[in-house]
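Quantities reported herein were computed from a predicted structural model and do not represent experimental measurements. One is the number of the first residue; the rest follow in order along the sequence.
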Amino acid sequence: MKKAISKQEELFASECKLINLKYEYTGYIGEERFAVVTELSEAELWAKYPDIISRYTPFVLLSVQHGEVIKDFHRIEDKFGKRETRTYELYGYEEGLSECFCSAFVYGYEDPVQRMVREECELEAEEIRERELEKVRITLSLMKPVQARRLLKNVCDGMNASQIAKEEGVNRSTVDKSLKSARKNFEKFFNSLK
């Protein structure tokens, strides 16, 4: 349900502009949450809009000139960003583009220490994967063969209960119950293994 905007809020919006400082300036850690850009003084703000301004307290009061500077800064940054995406240096490095035109960027020198660390990490990841696969094999061997077979069909082959029931010539409800028990047993056995 949309909340109706009061006349007071409309007047506030016409006289003041809010800037969320944490959104505007990444890494900002100050107490003030908002900047209010207006010609009004702080006393006039509190006198004219006490309910509204209390929502944005603590705040920084900025003049309209400050607001224009911020607006110009954003306009220039936007223009620079667009220009940068349209052009690139012929001999300089442009991420994503240089690799397309110069294979030396792609097949460059690899630091031996970084390569060793990368290879160790890959080896460790492979060992973890093998241990997990062995746990799965052991878990499946501890389960009833029917449950293990149906669970594999469901998980690995992507078959649903109806397809499994049709293939095995049994009721769908039987397969549903079997799959439910199989999942429960698999989890219990798998978690009990070290």
Side-chain angles (χ1 to χ4, degrees), residues 1-133 155 158 160 183 187 190-191:
M1 186 170 133
K2 289 187 178 180
K3 188 178 175 184
I5 298 174
S6 71
K7 191 71 172 165
Q8 191 76 359
E9 290 172 324
E10 285 180 10
L11 287 171
F12 178 81
S14 68
E15 287 190 292
C16 306
K17 181 183 184 279
L18 288 172
I19 299 173
N20 185 334
L21 296 173
K22 290 187 181 185
Y23 174 77
E24 195 74 22
Y25 303 102
T26 13
Y28 175 77
I29 55 171
E31 256 184 44
E32 295 82 6
R33 298 178 330 187
F34 292 92
V36 180
V37 179
T38 185
E39 287 293 333
L40 301 173
S41 69
E42 190 169 340
E44 291 172 321
L45 274 174
W46 281 104
K48 205 168 183 180
Y49 309 106
D51 295 335
I52 297 171
I53 203 68
S54 64
R55 292 185 225 155
Y56 305 109
T57 302
F59 63 90
V60 176
L61 187 62
L62 298 176
S63 68
V64 174
Q65 289 81 14
H66 285 114
E68 289 299 321
V69 169
I70 292 170
K71 189 175 170 184
D72 284 343
F73 169 78
H74 287 297
R75 184 183 53 76
I76 292 167
E77 284 290 309
D78 183 53
K79 186 167 79 172
F80 176 78
K82 288 176 183 172
R83 182 180 301 138
E84 193 174 51
T85 57
R86 286 192 312 262
T87 62
Y88 63 93
E89 286 187 30
L90 184 59
Y91 299 105
Y93 176 76
E94 266 310 300
E95 189 172 351
L97 291 176
S98 296
E99 291 87 348
C100 295
F101 300 111
C102 184
S103 61
F105 285 118
V106 179
Y107 305 109
Y109 170 77
E110 184 179 10
D111 181 23
V113 175
Q114 287 179 340
R115 183 177 56 241
M116 186 180 74
V117 169
R118 180 180 46 78
E119 288 171 356
E120 285 175 3
C121 289
E122 288 172 357
L123 229 109
E124 189 178 325
E126 184 61 28
E127 287 172 4
I128 291 170
R129 184 179 169 279
E130 285 298 322
R131 282 197 303 266
E132 292 295 309
L133 281 172
V155 174
N160 62 32
R183 286 188 189 95
E187 187 175 340
F190 187 84
N191 290 335

K.L.:
Around Glu44, counting heavy atoms of other residues, nucleotides and ligands shown, do more than 12 lie under 6.0 Å from its CD?
P.N.:
yes
K.L.:
With a 4.0 Å cut-off on N to O distance, would you call Arg129 and Glu132 a salt bridge?
P.N.:
no
K.L.:
For Glu124, look at atom CD and say whether over 12 heavy atoms of other residues, nucleotides or ligands are found less than 6.0 Å away.
P.N.:
no
K.L.:
Just wondering, are more than 12 heavy atoms of other shown residues or ligands nearer than 6.0 Å to CD1 in Ile29?
P.N.:
no
K.L.:
Please, which pairs that meet ring pair (Phe, Tyr, Trp, His ring centres under 6.0 Å) have at least one residue in residues 61-83, sequence neighbours excluded?
P.N.:
none
K.L.:
At what distance, to the nearest 0.5 angstrom, does CD of Glu42 lie from CD1 of Ile53?
P.N.:
8.0 Å
K.L.:
Going from NZ on Lys79 to CG on Asp72, what distance comes out if it is rounded to the nearest 0.5 angstrom?
P.N.:
10.0 Å
K.L.:
Going from CZ on Arg75 to CD on Glu68, what distance comes out if it is rounded to the nearest 0.5 angstrom?
P.N.:
10.0 Å
K.L.:
I want to check something: taking the side chain as every heavy atom from C-beta on, are Tyr56 and Tyr49 in contact at a cut-off of under 4.5 Å?
P.N.:
no
K.L.:
Kindly write out the residues that satisfy side-chain hydrogen bond (donor to acceptor under 3.5 Å, both in side chains) with Gln65, not counting sequence neighbours, or none if the list is empty.
P.N.:
Ser63
K.L.:
Begin from the C-alpha positions of Glu187 and Arg183 and carry the test salt bridge (charged side-chain N to carboxylate O under 4.0 Å, His left out) through to its verdict.
P.N.:
CA-CA 6 Å; Glu187 187 175 340; Arg183 286 188 189 95; over 6 Å; no
K.L.:
With heavy-atom distances below 4.5 Å as the criterion, would you say the side chains of Leu61 and Leu45 are in contact?
P.N.:
yes
K.L.:
Among residues at least two apart in sequence or on other chains, which ones pass ring pair (Phe, Tyr, Trp, His ring centres under 6.0 Å) with Phe59?
P.N.:
none
K.L.:
What are the two closest heavy atoms between Leu40 and Lys48, and how far apart are they?
P.N.:
CD1-CD, 4.4 Å
K.L.:
Is Val36 close to Leu18 at the side-chain level, that is, under 4.5 Å between some pair of heavy atoms?
P.N.:
yes
K.L.:
Ignoring hydrogens, what is the shortest heavy-atom contact between Ala47 and Pro50? Give both atom names and the distance.
P.N.:
O-CD, 3.9 Å
K.L.:
More than 12 heavy atoms of other residues, nucleotides or ligands under 6.0 Å from CD of Glu31: is that the case?
P.N.:
no
K.L.:
Any heavy-atom pair between the side chains of Arg115 and Pro112 that's under 4.5 Å?
P.N.:
yes
K.L.:
Could you tell me which non-hydrogen atom of Glu15 sits nearest to which non-hydrogen atom of Thr38, and how far apart they are?
P.N.:
O-OG1, 3.0 Å
K.L.:
Output the distance between atom CD (Glu9) and atom CZ (Arg55), rounded to the nearest 0.5 Å.
P.N.:
4.5 Å
K.L.:
Report yes if some heavy atom in the side chain of Ser54 is under 4.5 Å from a heavy atom in the side chain of Trp46; otherwise report no.
P.N.:
yes
K.L.:
Would you sort out whether Leu62 and Ile70 count as a side chain to side chain contact (heavy atoms under 4.5 Å, CB included), showing the intermediate values?
P.N.:
CA-CA 10 Å; Leu62 298 176; Ile70 292 170; 3.9 Å; yes
K.L.:
Kindly compute the distance separating CG (Leu133) from CD1 (Ile128), expressed to the nearest 0.5 Å.
P.N.:
12.0 Å
K.L.:
I want to check something: taking the side chain as every heavy atom from C-beta on, are Phe34 and Asn20 in contact at a cut-off of under 4.5 Å?
P.N.:
yes
K.L.:
If you measure from CD on Gln8 to CG on Leu11, what distance do you get to the nearest 0.5 Å?
P.N.:
6.0 Å
